[in-house]
Structure formats: structure tokens, C-alpha cells
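Quick note on labels: first sequence line is chain A, next is B, and so on, each numbered from 1. This structure is a prediction, so every number in the text was calculated from the model and none was measured. Only this structure's heavy atoms are used, side chains among them; waters, hydrogens and symmetry mates stay out.
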Amino acid sequence: MLLRDIGFFLTEAFISIRRSGLMAAISTATIGVSLIVFGIFLLISANISNISDFFSDKLEIRIFLKESISAGQISSMKHRLEAMPEFKSVTFVSKDKAWRDFRKGFQSLDLTDLVENPLPHSFKLTLKDNEQIVKTAKYVRGFENVEDVGYMGTIAERITKFAAYTRLAGFILVSLLTLATLLIVVNTIRLTVIARQDEITIMHLVGATVPFIRWPFIIEGALMGLAGSCASVAILSPLYGMFVVRIQEKMPYIPILQEDFRLTLIYLTLIIVGTSLGIFGSYISVSRTIKNPS
Amino acid sequence: MIRIKNVTKTYPNGYVALDNVNLHIGRNEFVYLVGQSGAGKSTLLNMLYKAETPSSGDIYIDNIPLSTISAKQIPFLRRSIGVIFQDYKLLPKRTVYENVAFALRVMHFSRARIRRQVTQVLELVGLQQKMYNMPSELSGGEQQRICIARAIVNNPPVLLADEPTGSLDPETSWEIMQLLSKINSRQTTVVVATHNKSIVDDIRKRVIQVDNGHVVRDEQLGMYNK
């Protein structure tokens with residue numbers, strides 16, 4: 001394609017869109033609607049993983065040790081835990097430190113009756129992969145000198161499972177929508193190709209190459225995809241803004257994404273996906289309908 | 001310029017449109033292809049710009065065998081062969097200028113060069129005043145002139161015409177044939193398939209008569225009938 005052809009192709013694409021009018025509008029709208037659903041899924045998914053990350057930082061396994069444990073045993077257990085690849089960090093919390101932290105955290109409690117520190121020595125462990133928390137907790141429970149193991153099992157499990165389910169559901173939904181949108185684009189472009197069959201015949205006659213004939217249709221698809229995706233972003237972005245305000249009024253403790261580069265990335269993804277859908281759809285269509293003569 | 005060697009065309013239904021045809025048309029010749037409908041004239045013309053391919057035998061244009069031209073190369077062959085039709089095959093929603101410029105656009109010419117060549121050719125066919133009209137606003141003869149302008153705007157060495165006067169009245173037909181003669185005199189080989197007896201008899205050129213897929217007569221300065 002030469003630079004001077006681009007102007008010609010663009011003009012041809014615009015002429016074609018104007019002529020196919022309603023069909024082009026329906027295609028553009030379909031791309032737009034599909035991308036809104038796609039975008040909603042991306043926003044939900046990004047927020048869930050954000051919330052999941054937020055809680056993950058607080059997820060930990062606590063190993064409470066028996067009273068009878070010796071300093072040497074503590075040290076060897078620390079080495080053993082540090083050697084395990086599952087853990088991001090291994091911190092020993094002594095009986096005294098635990099007691100100090102406890103009193104600091106609960107200053108309003110009257111603890112004067114307690115003459116002796118009731119808390120045991122413990123290890124505070126954070127994981128590299130939070131999905132492994134249950135398994136790992138059960139595993140360390142079997143260690144010698146372990147009195148008890150505590151972890152935020154149910155919450156951790158629920159968050160990670162929920163994130164996985166939404167990802168799967170979203171993936172299926174988005175795949176189906178993408179396929180449907182693609183089929184609609186393929187059909188729209190095919191109709192415009194059929195409508196312009198006479199022109200294509202003449203182009204063949206005067207010596208136009210197949211790529212030259214195809215380009216305007218591909219640009220037409222790209223323009224429809226671009227328009228549809230920009231429309232979806234124009235609708236989605238303020239809607240999400242309103243949603244954020246509502247959530248923050250009612251549940252200010254939920255860490256929701258706002259003014260984050262991830263949002264920009266999501267909107268950019270929508271525009272790229274939409275435009276690519278338009279290009280790919282029309283490419284499929286023209287490669288089936290516009291071929292070399294004879 | 002054009003050499004047709006042992007060309008036979010059999011359609012899938014068994015109909016033999018051309019049977020072992022041999023012809024030679026020299027550079028800058030003007031040739032009438034005459035014969036009844038279904039005699040094989042159009043098949044012959046179509047094969048010259050590879051809209052159809054022979055079942056056997058080969059056609060050489062400028063010594064290049066068309067059988068060696070792949071589907072991808074056909075567009076480049078067509079740029080050196082202008083074709084005009086009985087039904088003009090114009091783009092109805094574009095101006096006269098656009099219709100002619102179209103042929104140069106596909107060759108990636110610059111805007112300035114397109115403008116220059118289109119203006120020149122429209123002057124040659126006498127349509128410079130109607131450049132911005134739509135084809136539907138023009139008469140049949142004028143529409144055929146657009147088609148001719150489009151076919152020759154690139155100065156192809158060969159011009160093929162399939163019944164160019166088939167839809168025109170005698171006077172207009174005569175004007176169109178004069179125009180084709182003029183183009184022929186500008187170093188273009190012209191092949192005209194026609195039914196128009198009076199034209200062939202008035203403007204005397206080489207006449208090749210096809211009947212039932214065979215060349216039955218090839219005569220310099222011939223008449224429509226023997």
C-alpha cells in the first residue's frame with residue numbers, strides 16, 4: 001500500500017459506510033454493546049483482584065508453639081520454615097513481643113488480673129501464593145512442637161475462589177460475545193461487498209490487485225470497530241465513575257479502583273479489541289468474497 | 001502483438017465455443033471480429049484479457065504466453081489491455097471524471113498525474129465539458145465515450161471492444177467507430193467484436209469471421225458478408 005492510496009481508501013471506506021447506512025450503524029452498535037459487557041467484566045475483574053490483593057497482604061499463617069519448646073528447637077524450626085519455597089516471609093514472634101503487641105492493641109482492656117503472660121511463642125508466615133494457604137497450614141500443623149495453627153482460611157479461600165470463578169465466567173462470556181460480534185461484522189462487510197459487486201468487477205477489469213480492492217473494506221471494518229469501542233468507553237467511563245461514588249458512600253472500606261492506570265489500561269484494551277474485531281471481521285469477509293479473477 | 005495458437009475452448013457442459021483457432025494480429029492493426037451470436041467472438045475477446053482461459057492451446061500478447069500469467073499477475077496484464085463493453089460498465093454513483101480516474105487510481109498514480117491524464121483523455125473523447133456530470137445524465141453514446149476514455153486513459157497497447165455500438169443508433173455508432181479509428185492511429189491495436197454490418201462495410205478494415213468456433217474468413221479490408 002502506498003501512502004497516496006490511503007486517502008483514496010479512506011474516502012472509499014467512508015462512501016461505503018454512508019451507503020450501507022443502517023447496517024453499518026447496527027454493526028457499530030453491536031460492537032459497542034459487546035464491548036460495554038466486556039468492559040464491565042474487565043472492571044469487575046480488576047476490582048476483585050485489587051480487593052484480593054488488599055486482603056492477601058493481610059493473609060498470614062500463624063504457628064503457635066508449645067510451651068515446652070527450647071531456643072534451639074525454635075531456631076531449627078525457623079530454618080526449616082525459611083527453606084520452604086511456599087513462604088514469602090517467616091517472622092518469629094516471641095512470647096514477650098506478642099504480649100506487648102497485644103497490650104498495645106487492646107489498651108482499653110483491664111489486664112491487671114493476669115500476672116503471667118498467657119501467649120505462646122509463634123511464627124508469622126506470609127505466602128507467595130495465597131491459594132496454597134489451606135494446604136500449607138495443614139502441612140505445618142504436623143510439625144513437632146506445634147500447639148496450633150491459625151489462618152484466615154475461609155475468607156482467603158472464598159476470595160481466591162470468587163476471583164477464579166469470575167475470571168472463568170467472564171472468559172466464557174467474553175469469548176461468546178467476541179464470536180457473536182465477529183459474525184455480525186463479517187456479515188455486514190459481506191453485505192457491503194455484495195452491494196458493491198459491480199464496482200469490484202470493474203476494479204478487476206481495470207487491473208486493480210486484490211489487496212487494493214480489499215483495503216477499503218478492511219478500513220471500513222476498522223472504522224466501525226473504532227467507533228463502536230469509543231462509544232462503549234464514552235458510556236462505560238462515566239457509569240463507572242457514578243458507581244464508584246455510590247460504593248464509597250456506602251462501603252468506604254472497600255478498596256475500589258479509581259483514577260488508576262489500570263482503568264486507563266482497560267479502556268485502551270476496549271478500543272484496541274474493538275478496532276481489531278472490526279479489522280479481523282472484515283478481513284475474514286473479504287478474503288472469502290474478493291478473490292483473484294478466474 | 002496478439003498471437004492465438006491452436007486455441008480450443010470447451011465449456012464444462014461439453015459445448016465447444018472455439019475449436020483449434022489460430023490467429024495473428026499485428027501491432028497497431030484494426031480488426032473486426034464478426035459472426036453470429038454464439039459463434040465464439042466474445043469467448044475469444046474474453047480470453048485475450050484472461051477473463052476466460054483456453055482449454056488447450058495458448059495466447060501470446062507481446063510474446064508473453066497468457067498461460068504463464070498467474071491469477072495474482074492478471075491485474076498487471078489488464079493494465080496493458082483496455083476493454084470496452086456494450087453495457088459500458090460504469091460506476092453509476094460517480095462522476096464522469098471519477099469513472100475514468102478510477103482506472104488510474106488502481107495503478108497508484110499521483111493525484112496530479114491522474115488529473116492530467118484524465119483531462120487529456122476526456123478531451124480526446126469529447127467529454128471535457130461533462131467531466132462533473134453523472135453517467136445517468138448522459139446519452140448512450142456519451143456513456144460509451146466514458147467507457148472508452150477509461151479503457152485508454154493509461155495508453156494501453158491493446159484495446160478490445162465487445163459490441164461497442166450494440167446499444168447505439170447508427171449515427172452515434174459511426175461516431176464511436178471514428179473515435180476507435182482515431183485511437184488506432186495513435187499506436188493502439190484495436191479488436192472490435194461487432195454485429196454492425198453497415199459500420200464494417202463503411203469503415204473498411206481487416207475482417208475475421210468466426211462461425212461455430214472456427215475462423216472461416218480472414219480478409220484485409222473485408223466486408224461484413226463475403
Could you tell me whether [X] atom [atom1] has more than 12 heavy atoms of other residues or ligands within 6.0 Å of it?
{"X": "Tyr165(A)", "atom1": "OH", "answer": "no"}
{"X": "Lys72(B)", "atom1": "NZ", "answer": "no"}
{"X": "Arg262(A)", "atom1": "CZ", "answer": "yes"}
{"X": "Tyr60(B)", "atom1": "OH", "answer": "yes"}

Working to the nearest 0.5 Å, report the span between [atom1] of [X] and [atom2] of [Y].
{"X": "Glu12(A)", "Y": "Arg105(B)", "atom1": "CD", "atom2": "CZ", "result": "7.5 Å"}
{"X": "Asp198(A)", "Y": "Lys89(B)", "atom1": "CG", "atom2": "NZ", "result": "8.0 Å"}
{"X": "Ile81(B)", "Y": "Leu205(A)", "atom1": "CD1", "atom2": "CG", "result": "11.5 Å"}

Name, in order of residue number, those residues of residues 93-103 of chain B that have a heavy atom at a distance of less than 4.5 Å from a heavy atom in chain A; otherwise write 'none'.
Lys93(B), Arg94(B), Phe102(B), Ala103(B)
Among Arg111(B), Arg79(B), Gln73(B), which residue forms the greatest number of heavy-atom pairs with chain A at distances under 4.5 Å?
Arg79(B)
Sort out for me which of Leu77(B), Asn154(B), Leu90(B), Val106(B) touches chain A most, counting heavy-atom pairs under 4.5 Å.
Val106(B)
At a heavy-atom separation under 4.5 Å, does Phe85(B) approach chain A through its side chain, its backbone, both, or neither?
side chain
Checking heavy atoms, do the side chain of Ser110(B), its backbone, both or neither come under 4.5 Å from chain A?
both
Pairing residues for Glu175(B) by the salt bridge (charged side-chain N to carboxylate O under 4.0 Å, His left out) criterion, not counting sequence neighbours:
Arg145(B)
With heavy-atom distances below 4.5 Å as the criterion, would you say the side chains of Arg150(B) and Val206(A) are in contact?
yes
Looking at Arg78(B) and Ala208(A), would you say the former's side chain and the latter's main chain have a donor-acceptor pair under 3.5 Å?
no
